[in-house]
Each structure stands twice: as C-alpha cells, then as structure tokens.
Amino acid sequence: MKIKRRCRLIDTPSVPRLVVALVASFAALGMAAADAAQARLLVNIVVEGLDADYLELLRDRFGEGGFKRFERHGATISHADYGPGLDAAAASATILTGASPSLNGVGGTTVYDRERLRVTETYADPDILGNFSSIPYSPKALRVSTVSDEARIASGGTSVVYAIAPDAATALALGGHAANAALWLDPKTGNWASSTYFKEMPVSVATRNRTMPLSARLDTMSWTPALAPSAYPAVPDHLSRYSFRYVFPHSNAARLDMFKASPLVNREVTTVATDLLSSLQIGRHEGVTDVLGIGYTLEPFDYGKNPDNRVELMDAYVRLDAGIANLLDDIDRRVGLDHTVIMLAGTPPRTRTRRDSDLWGVPSGEFSTRKAVSLLNMYLIALYGNGDFVSAYHNGNIYLNHKLIKERSLDETEVRTRAAAFMARMTGVDRVHTLDEIIAGHAGENAEALRRNTVASSAGDLRIMVAPGFEIVDDYNTVVPADHIPMVERAAATTAPVYILAPGIATQTIGTPVDARAIAPAVCRILRIRSPNGASQAPVQLLKK
C-alpha cells in the first residue's frame, strides 16, 4: 500500500512539473559550478596584421583545427575597431588592457624623448639588466593593469603567467606587470631573451639558447610554399607558375630580420610555447587560472624581389593555421579545451605597402622629412627670428623647440597653429593637426578616436598624415640607402577579427564593429575576475550556451 500511495503521488499532474523544475535548477547550479571550475588556463593570442579578408579567401585551404575551430565553436567578432594611428605595439596594449593609449601609455613601438632629444623604444628600461638580451625591456611603460595581471592578482599570486612573442613589445603586453616571465627574440643575437624585471628565466628556454641557438640553426632553414603556388586562390598566372625559396645564410646581415618577418618565426614561437606548457605544468594548478600569452605575426614579407608578395602572405596564413591547430591540440591533451579560455585577437594590418611599379601609372610621390623640417624651420625663422624652432621629426609627428619658444615669450598654441597651416600646403600632405586640436577632440572626422589614441606626454606638436600613394622618406633621422624598399601609405580600415573560445560561450558571429577596448572586460567576465583598471568600456555581450 505504501508503494501504491507513492505511485499515486507521482501520478499527480503538478508533481512532474515540480520534479522538472528541481532537476533544471540542480542542473543549472551544476553547470555554473562546472563553469567556475573550468578556467584552469587562459590563453591570449595576438596575431600582428591579421586580415579578415585573407581569412575568408583562404577558408578552403585551412584545416579543421585552427581558425575554423574558433569560427565553429566560439564567438567571432568580425571587426574589432582600434581607431586610427596604432601600430602593432599600441594595438596589443589596447586589446590586453581594455584601455586606449591615452590611458595605457603605449602609443607605439618607439617614442621621442624630448629631454634626451632622441628616439627610444617605448618598453626600453635602462634601470634593469637584460637576460640573454642586448637591450633591457620591462612593462613599466604600461600605466594600467592587463588581463594577465588581474588573473594573477585574483589567484593571490598562486597562478603562473608566461608570455612569448617574436618582439618584446607584444611579449610584454601579453605578460603584463605580474608575469613570471616574458620572452622575445633578441634582435641582435636571435636568443630567446627576457630581463631581470621578471623573476624567472625558464630552464627549458635557457637550455634551448645554449644547446640549439637560433643563430646556429638559421643556416639550415629554408622557406618554401606549403602548397603549390597554383593552389592559392586569386593568384595571377605569372605568380602561380613559379615557386619561391628563401634561405637565411650567415653571409646575409639581415637574415635575422628576414626570419622574424617569415612564417618560420611563428613555428619557433609555437615550439617554445608547447615546451613551456610541458615543462612548467601551465594550466595544471588546481583552483587557479594560469595564463599563457602567445604572439604571432602575419605582416607582409618585404624581403622578396617581387613587390607582389601575395603568395608568401597566403602561405604564412596557411602555415599559421596549421600551427594554431597543433597548439590547440597540445592544450587539449595537457589541460583540456573544456577547461581553457582562449582569446585570439588580430591587430590591424599595416597601412604601408610596397610601391607599385611605375608601369601602372598609379600616382605616387615622396614626402621627405628632412625637407619638411628645413622648410618649416625657415618659415618660423621668418616669423619669429633666427633659431632652431623644430627639434625633431618622429613617426608622423613634428616636435617644436619649446625651450626656444618660451625664451622668445611666444604663445605655443599660436606657433603650432601657424606651423600646421604652413605644413598643410606641402606636397603630399593630406592633413595636419595640432596637439591642441587633438587633445580637445577637434581633429578631423574621427576626432575622438584620434584623441584617445594619442599619448599627450610624448606626442608631437603637429601630427601629419600624408596622402595615399606617398612614401614617407625619413631622411631627417637616418641616411636612406639607395636600395631601400619604397613603402607607400594606403587608406584602410583599422579593424581586425577577434575570436573567443570558452566553455559555456555559444557559437556566434558579431558582424557589427566592436570597440577593441570591450574585449578585455569580456574575457575577464568569463573568468569571473575584475577587468583591468583602465577598462572603461562595458564588455561585449556574448551569447551563452
């Protein structure tokens, strides 16, 4: 009878609904608990020069485990908008801090030092020592915290953070201030380098430098197409008939630069990254989220004889796709992708390309920085008397001599305004903005974006944009060799794709432009940690499973 009564109770109409509700509630609680426990590893990948058009063009040439895995199982943000005027170093800092250069302090790879009257690297730090490095670097130039910093702070320092990239700027942005180690290829020796700012130099990396240094292996390396040239899409007939082959002999003084511009450097990065995963047990520390930062490059290869380097660039994409697939497979074996959050963010492709042959009649020209500075100085002398009114030109910025302007009791704003009006009449100049206009948010069509992408403390008095098709010949700062490769400016969108692959995040595509500063808060929300302290944008809204 007791059994029958129990059966009758179960048969009542309201009970099934109650049972279903309870089961659903417990399932939801279980999923939430699982989500919280899944983030054993955060992998931040930054790809310099990632172009959405090439990803679409080469889709049929990719395997299933690389870019396609992100598209089919994660969130795709088609156009992360970085705003104008950022190189890869500034864009990397923006995506990883969630803050613009005006806040994070990194406006580019290099910066002009008004006090020392010279150009220095933004991350160079004379107060520390290099570790296998000819130049000491540190993340002190970053004025705000990064995603990696917040993950380590959230763990109370019990998690680990490692970063690796071909260049120091990307490695330092990926590692942040609290990294155990950030690693990059030294531009002179080719060693994997770090600095004494960081507490560790991984044993596996130091051993690699001693037993199999890159300088000793370059002679045996060559780069040939992964596919037949005719297998790449949209290749003209004259390029599809011939293969390419690049070698890096000891006799070539530029061989290390060539290597770092080739897709072989991405293979080297992946090899070292998987070594770190294995030797340092990254992602296998219970109860915390370890972080691994990885930097790759897809910038055009400018060392070939043919200015049309489409085949080389497409080959780099195909090779990187295979390398990312191998990396993700290794993470899956060692940690489990269901316990890993991965952000893959591209930085905008550079706007400079090799000048087309004169055969095509495309208008072009040269903007000589030495000539521009000389003419501007003569103009200011005519207005205000003898003196060196122009201190320097650097990276599209003209710096005026503030000390002389003050000695002459001149108004800086007036001098800048007159100088800008004069520069705007020069051949090849499209626009000129004064620092006052930029800071006030009155400079051009995209004034607010230009303002937030300008670091006022290191910016020039004038910002010059040359017309498309013109080459900036920086003969003011250097002696330009006769055989230099002409690089002209092109107008282009400053966006790049971003992918987020994480447990609980549904497959989705956001096709409308998204502010790049909203990516870092979105990653932190998935990890349930604070956003970086300079991130003011709301996180991009991602659909959950």
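These numbers were taken from a predicted model, which means no experiment stands behind them.
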Rounded to the nearest 0.5 Å, what separation is found between the CG atom of Asn533 and the OG1 atom of Thr97? 9.0 Å
Which word best sums up how the rings of Tyr112 and Tyr399 line up, parallel for under 30°, tilted for 30 to 60°, or perpendicular for over 60°? tilted
Other residues, nucleotides, ligands: >12 heavy atoms within 6.0 Å of His442 NE2: no
Determine, for Lys260 against Asp257, whether the closest basic-nitrogen to carboxylate-oxygen distance falls under 4.0 angstrom. no
Kindly say whether Pro497 contributes a backbone atom to a donor-acceptor pair with the side chain of Ser78 at under 3.5 angstrom? no
Would you say the side-chain atoms of Ser194 pair up with the backbone N or O of Asn131, donor to acceptor, closer than 3.5 Å? no
With side-chain contact (heavy atoms from CB on, under 4.5 Å) as the test, would you mind laying out the steps for Arg152 and Val288 before giving the verdict? CA-CA 9 Å; Arg152 192 135 202 252; Val288 296; over 6 Å; no
Salt-bridge test for Glu437 and Arg431: reply yes if a basic N is under 4.0 Å from a carboxylate O, no otherwise. no
Between Phe62 and Glu71, is there a side-chain heavy-atom distance shorter than 4.5 Å? no
Tell me, do Pro166 and Val269 make a side-chain contact under 4.5 Å, heavy atoms counted? yes
Quiz question: by atom type and distance under 3.5 Å, do the side chains of Asp87 and Thr109 form a donor-acceptor pair? yes
With rounding to the nearest 0.5 Å, note down the distance linking CG in Leu174 to OH in Tyr162. 15.5 Å
Report yes or no: does Asn191 contribute a side-chain atom to a donor-acceptor pair with the main-chain N or O of Asp186 at less than 3.5 Å? no
Between His285 and Thr158, is a side chain to side chain donor-acceptor pair (under 3.5 Å) present by the stated rule, with each step listed? CA-CA 8 Å; His285 300 102; Thr158 57; over 6 Å; no
Students often mix this up, so state it plainly: with edges at 30° and 60°, are the rings of Tyr54 and Tyr317 parallel, tilted or perpendicular? parallel
Determine whether a donor-acceptor pair (N or O, by modelled atom type, separation under 3.5 Å) exists between the side chain of Gln508 and the backbone of Leu543. yes
Output yes when a side-chain donor or acceptor of Arg59 lies under 3.5 Å from a complementary backbone atom of Lys68, and no otherwise. no
Side chain to side chain donor-acceptor pair (under 3.5 Å) partners of Glu448, counting only residues at least two apart: Arg451
Which atom pair, heavy atoms only, marks the closest approach of Gly176 to Thr146? CA-OG1, 3.7 Å
Taking all heavy atoms of Ile128 and all of Ser138, pick out the closest pair and write down the distance. CD1-CB, 3.7 Å
Test item: Arg284 and His339 side chains (from C-beta on) under 4.5 Å apart, heavy atoms: no
Distance-only polar pair, side chains of Thr170 and Tyr296, donor-acceptor under 3.5 Å: no
For Tyr123 against Pro139, the heavy-atom pair lying closest together: CD2-CA, 4.0 Å
Does Ser100 offer a backbone N or O that forms a donor-acceptor pair with the side chain of Asn453 under 3.5 Å? no
Between Ser278 and Asp275: side-chain donor-acceptor atoms closer than 3.5 Å: no
Do Val43 and Leu501 come close enough that some side-chain heavy atom pair is under 4.5 Å? no
Short N-O contact, Asp332 and Arg69, less than 4.0 angstrom: no
Exercise: identify the closest heavy-atom pair between Pro101 and Gly107: CB-CA, 4.1 Å
Given Ser531 and Glu150, is the side-chain contact (heavy atoms from CB on, under 4.5 Å) satisfied, shown in steps? CA-CA 7 Å; Ser531 294; Glu150 296 297 340; over 6 Å; no
Should Ser195 and Asp125 be marked as a side-chain contact (heavy atoms from CB on, under 4.5 Å) after you check the CA-CA gap, both sets of side-chain angles, and the distance that decides it? CA-CA 10 Å; Ser195 75; Asp125 188 347; over 6 Å; no
What orientation do Tyr499 and Phe70 show, parallel under 30°, tilted 30 to 60°, or perpendicular over 60°? tilted
Would you check if Val203 and Ser279 make a side-chain contact, meaning some heavy-atom pair closer than 4.5 Å? no
Under the criterion side-chain contact (heavy atoms from CB on, under 4.5 Å), I'd like the reasoning laid out for Asp461 against Ile398: C-alpha separation, chi angles, the key distance, then a yes or no. CA-CA 6 Å; Asp461 295 274; Ile398 285 183; 6.0 Å; no
4.5 Å side-chain heavy-atom contact, Val514 and Val498: no
With side-chain contact (heavy atoms from CB on, under 4.5 Å) as the test, pick out the partner of Leu42 among Ile526, Thr289, Ile529, Leu292. Thr289
Ignoring hydrogens and geometry, is there a side-chain-to-backbone donor-acceptor pair from Arg416 to Thr434 under 3.5 Å? no
Side-chain donor/acceptor of Asn104 to backbone N/O of Ala99, under 3.5 Å: yes
Atom CG of Leu214 and atom CE of Met212: how far apart are they, to the nearest 0.5 Å? 9.5 Å
Under the 3.5 angstrom rule, does the side chain of Tyr197 hit a backbone N or O of His177 as a donor-acceptor pair? yes
Heavy-atom side-chain contact between Pro513 and Thr495 under 4.5 Å: no
Considering residues, nucleotides and ligands other than Arg118, do more than 12 of their heavy atoms fall under 6.0 Å from its CZ? no
Checking Leu50, Ile294, Ile500 against Leu344 for side-chain contact (heavy atoms from CB on, under 4.5 Å), the one that qualifies is Leu50
One should read off an interatomic distance between Leu435 CG and Asn397 CG, to the nearest 0.5 angstrom, of 9.0 Å
Tell me the closest heavy-atom pair linking Tyr82 and Ala91, and the distance in Å. CE2-O, 3.4 Å
Nearest heavy atoms of Val147 and Pro532, plus distance in Å: N-CG, 3.8 Å
Report yes if some heavy atom in the side chain of Leu276 is under 4.5 Å from a heavy atom in the side chain of Ser204; otherwise report no. yes
For the CG atom of Asp290 and the CG atom of Leu280, what is their distance to the nearest 0.5 Å? 10.0 Å
With a 3.5 Å distance limit and no angle check, can you tell me whether His394 reaches the backbone of Asn477 through a side-chain donor-acceptor pair? no
Crowded around Arg490 CZ? As in, over 12 foreign heavy atoms under 6.0 Å? no
Roughly how far apart are Ser262 OG and Glu299 CD, rounded to 0.5 Å? 13.5 Å
Can you tell which of Phe132, Trp192, Tyr137 makes a ring pair (Phe, Tyr, Trp, His ring centres under 6.0 Å) with Trp184? Tyr137
